[in-house]
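Written below as structure tokens is the structure these notes are about.
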Protein chains: 2
Amino acid sequence: MPTIYDVAREAGVSAATVSRVLNGAQTVDPDMVARVLTAVRELGYRPNAVARNLRRSRTTLWAVIISDIGNPFFTAMVRGIEDVAQQEGYSVVLCNSDEDPAKEETYVAAALSEQMAGVIISSSGSVKAAKTLIESPIPVVAVDRELPRGSVDTVMVDNEAGARTAVEHLLAAGYRRIACITGPEGVSTADLRLRGYTAALSAPPVIVRTDFREQGGYDAMAALLSSPEPPDAVFVANNLMTVGALRCLKERGVDVPGEMGLVGFDEVPWADLVRPSPTTVAQPTYELGRMAARLLVDRIATPAAKPATIVLPAELHPRQSSSR
Amino acid sequence: MPTIYDVAREAGVSAATVSRVLNGAQTVDPDMVARVLTAVRELGYRPNAVARNLRRSRTTLWAVIISDIGNPFFTAMVRGIEDVAQQEGYSVVLCNSDEDPAKEETYVAAALSEQMAGVIISSSGSVKAAKTLIESPIPVVAVDRELPRGSVDTVMVDNEAGARTAVEHLLAAGYRRIACITGPEGVSTADLRLRGYTAALSAPPVIVRTDFREQGGYDAMAALLSSPEPPDAVFVANNLMTVGALRCLKERGVDVPGEMGLVGFDEVPWADLVRPSPTTVAQPTYELGRMAARLLVDRIATPAAKPATIVLPAELHPRQSSSR
DNA sequence: GTGAAAGCGCTAACAA
DNA sequence: TTGTTAGCGCTTTCAC
């Protein structure tokens, strides 16, 4: 690979001039610009970004750490982040922690080592990763899920209100024994949605905690069905678990919404093609990503500003699974 | 941020010794190791990966360039890549080209500038990006989609055979006027699946080309329905377009599989919950990613070896949409 | 407007 | 076994 010195020699100028041309400095003679560009083309020269990053001691990379790349909720959010990033001259490096705190810590360490310009994270609950990030000089934005014990810029939906709406909707439809399937303790969305569920209920709550995956939802539903007094409805705290719960109900031949009502948090892709179609609490996913990216841009510009928290509304989408 | 010299001073050793300790050299006195590690902890030192990469003139990053992060097919594949990468000590940087050749070119340029250790790409058809990659010294593996005009390591399924199987399945079910909805010309999966369709057919083919997105499938189906002589079945060349086509059929009240048979390429998530459930040609998605990553590891080890092509089988999953 | 030279933080020869 | 030193490729003063 040719270096900037090869180009300089070929063009008969100094390396400094090549650098100026390549970085769009105004103060270069047009003749030299032409000579440099010709040399660049002839040699097939590509600036070495690693060297540039070292010299400038900054990069144009954002680490986006999400907890499940297989969840369409996150990929839609990433789209929002990417669009802003591109517009602002950053590239997005996507890191999939897979709901594994250890992996999350590894990615956080890598983001710091690689001197990334910023981090957007949807925490899978690692306190250590959160601590490392907060103590580091790197700008951080939490999206979807709050950072454990962290005071950083945050964008999320009103999880509690969304959950309450879901449960009230089930109550209004006449369901009485409403259970809740939620995610791991310490993950903010799991805890807040659970709180909203509890708040809306006057009867004693029935809670199953599992992971946020499809299989988790399936198993939780199976457990509820085989309990001595099964619920007549269930509020499920994310989309993948909702799909798992639906699959379980279908396999057991339980009539939805007749024998069992269901509302899930997060939109389910192709919900309208699924039978019975699930009632959901939808989030402005793309917007969530966009706002997070905006906050990161601001934070990079003014690192000392006070952390902001943006809460967007979630919206009930009534479908078949809750209307008996 | 403290540097290696700060650690050296704190520990009363040279920077070289710190480096040796941190890189696990065997030839360091245990006392010094202890002193260095203490200093590292006290200062909260993190090695600067940018500097290390420059000095070593290599990195431990792979760029994985996929054409649609919203497509579960790709995210499942990425999982396979990630698992091997982690095992081999590489980190995966995910780049979403969004089926946009210009974005693809940008990411390829970035991968080269950043001196990435390797690239795994599912080409969205950019000949320029392919050319740049092939002419570069960076190890490349094509996955799912062949690189345009490129001779590089490749992992894909037998697209032609899969498509043929799908169409033969429709013929066996008694459908006679079978249309094909496929992707953009120049994208290998679109072209090969189309070829398989044509090969299985004795009647004249009816072909609609669109993008590989859900809306594209919807529009293509709408166009077929409003043609003078609509087909009685359709073979759709990817999962998102299949969902779009299904949605269109549902909205128009077309009975599937009665009035219209349908088989889609790629698995559709939660296919079994959708009504009517789509018959699909499923790919070993995770395995595709795993094999691609394996090839990349080999290629990095022996850059001069002859390029390999691995073709995995695709498998028909009969469901409701094709059985009348 | 251009070039010389220093140095970003690290690793790896080489010397001791 | 440890330290000294050079240099990875680039950008950015500073002097001209």
Side-chain angles (χ1 to χ4, degrees), chain A residues 1-37 39-40 43-61 89 109-110 112-117 136-138, chain B residues 1-37 39-40 43-61 109-117 136-138:
Chain A
M1 295 274 264
T3 73
I4 201 169
Y5 288 101
D6 298 322
V7 176
R9 196 178 321 113
E10 179 80 15
V13 301
S14 74
T17 298
V18 176
S19 177
R20 289 187 189 106
V21 170
L22 263 32
N23 290 287
Q26 309 299 319
T27 59
V28 187
D29 187 293
D31 283 2
M32 301 215 129
V33 173
R35 267 155 61 197
V36 167
L37 293 180
V40 164
L43 295 176
Y45 169 72
R46 288 177 182 284
N48 181 325
V50 176
R52 175 194 298 153
N53 293 341
L54 177 60
R55 174 60 229 237
R56 288 190 176 156
S57 38
R58 63 195 155 82
T59 68
T60 56
L61 285 183
L112 295 179
S113 282
E114 299 283 350
Q115 320 284 130
M116 303 256 180
S136 83
I138 198 172
Chain B
M1 295 274 265
T3 73
I4 199 168
Y5 287 101
D6 298 321
V7 176
R9 196 179 320 112
E10 178 81 12
V13 300
S14 73
T17 297
V18 177
S19 176
R20 287 188 192 107
V21 170
L22 263 32
N23 290 287
Q26 308 299 317
T27 58
V28 188
D29 187 293
D31 284 2
M32 302 215 128
V33 172
R35 268 156 62 199
V36 167
L37 292 180
V40 163
L43 296 175
Y45 169 72
R46 285 177 185 286
N48 181 324
V50 176
R52 175 193 297 153
N53 293 340
L54 177 61
R55 174 60 230 230
R56 288 190 176 155
S57 39
R58 63 197 156 83
T59 69
T60 56
L61 287 182
L112 295 179
S113 282
E114 300 283 350
Q115 322 279 292
M116 303 257 180
S136 83
I138 199 173

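Quick note on labels: first sequence line is chain A, next is B, and so on, each numbered from 1.
A heavy-atom distance below 4.0 Å to DNA chain D is reached by these residues of residues 46-58 of chain B, ordered by number: B:Leu54, B:Arg55. Taken residue by residue, residues 11-23 of chain A places heavy atoms nearer than 4.0 Å to DNA chain C at A:Val13, A:Ser14, A:Ala16, A:Thr17, A:Arg20.
Every residue two or more places apart in sequence or in another chain that forms a side-chain contact (heavy atoms from CB on, under 4.5 Å) with B:Ala25 is listed here: B:Arg20, B:Thr27, B:Val28. With sequence neighbours excluded, the residues that form a side-chain hydrogen bond (donor to acceptor under 3.5 Å, both in side chains) with A:Ser14 are A:Thr17. Under the rule for a side-chain hydrogen bond (donor to acceptor under 3.5 Å, both in side chains), the partners of A:Asn48 that lie at least two apart in sequence or sit in another chain are B:Gln115. With sequence neighbours left out, B:Arg58 forms a side-chain hydrogen bond (donor to acceptor under 3.5 Å, both in side chains) with no residue at all. Every salt bridge (Lys or Arg N to Asp or Glu O under 4.0 Å) that B:Arg9 has, sequence neighbours left out, goes to B:Asp6. For the side-chain hydrogen bond (donor to acceptor under 3.5 Å, both in side chains) test, no residue two or more places apart in sequence or in another chain qualifies with B:Asp31.
Taking the 5' to 3' direction, DNA chain D first and last meets chain A under 4.0 angstrom from a heavy atom at D:dG9 to D:dT13. If you walk DNA chain C from 5' to 3' and mark each nucleotide with an atom closer than 4.0 Å to a heavy atom of chain B, the marks span C:dG9 to C:dA13.
For the atom pair CG (B:Leu43) and CD1 (B:Ile4), the distance works out to 12.0 Å, reported to the nearest 0.5 Å. Considering CD of B:Glu10 and OH of B:Tyr45, their distance stands at 14.0 Å, rounded to 0.5 Å. For the atom pair A:Thr60 OG1 and A:Asn53 CG, the distance stands at 6.5 Å (nearest 0.5 Å). A distance of 12.0 Å separates CG of B:Leu54 from OG1 of B:Thr59, quoted to the nearest 0.5 Å. The CD1 atom of B:Ile138 sits 7.5 Å away from atom CE of B:Met116, with the distance rounded to the nearest 0.5 Å.
Within the structure, salt bridge (charged side-chain N to carboxylate O under 4.0 Å, His left out) pairs that include any residue of residues 44-57 of chain A do not occur (at least two apart or interchain).
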Kindly indicate, with the supporting measurements, whether the criterion side-chain contact (heavy atoms from CB on, under 4.5 Å) is fulfilled by A:Leu61 and A:Glu114. CA-CA 9 Å; A:Leu61 285 183; A:Glu114 299 283 350; over 6 Å; no
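Each end of the helix from C:dG1-D:dC16 to C:dA16-D:dT1 gets its own axis, taken as the rotation carrying the C1' atoms of four end pairs onto the next four within a five-pair window, and the two axes meet at 40° to the nearest 10 degrees.
Shortest non-hydrogen contact noted between B:Leu37 and B:Val21 is CD2-CG1, 4.0 Å. Closest approach of B:Gly12 to B:Arg35, counting heavy atoms only: O-NH2, 3.2 Å.
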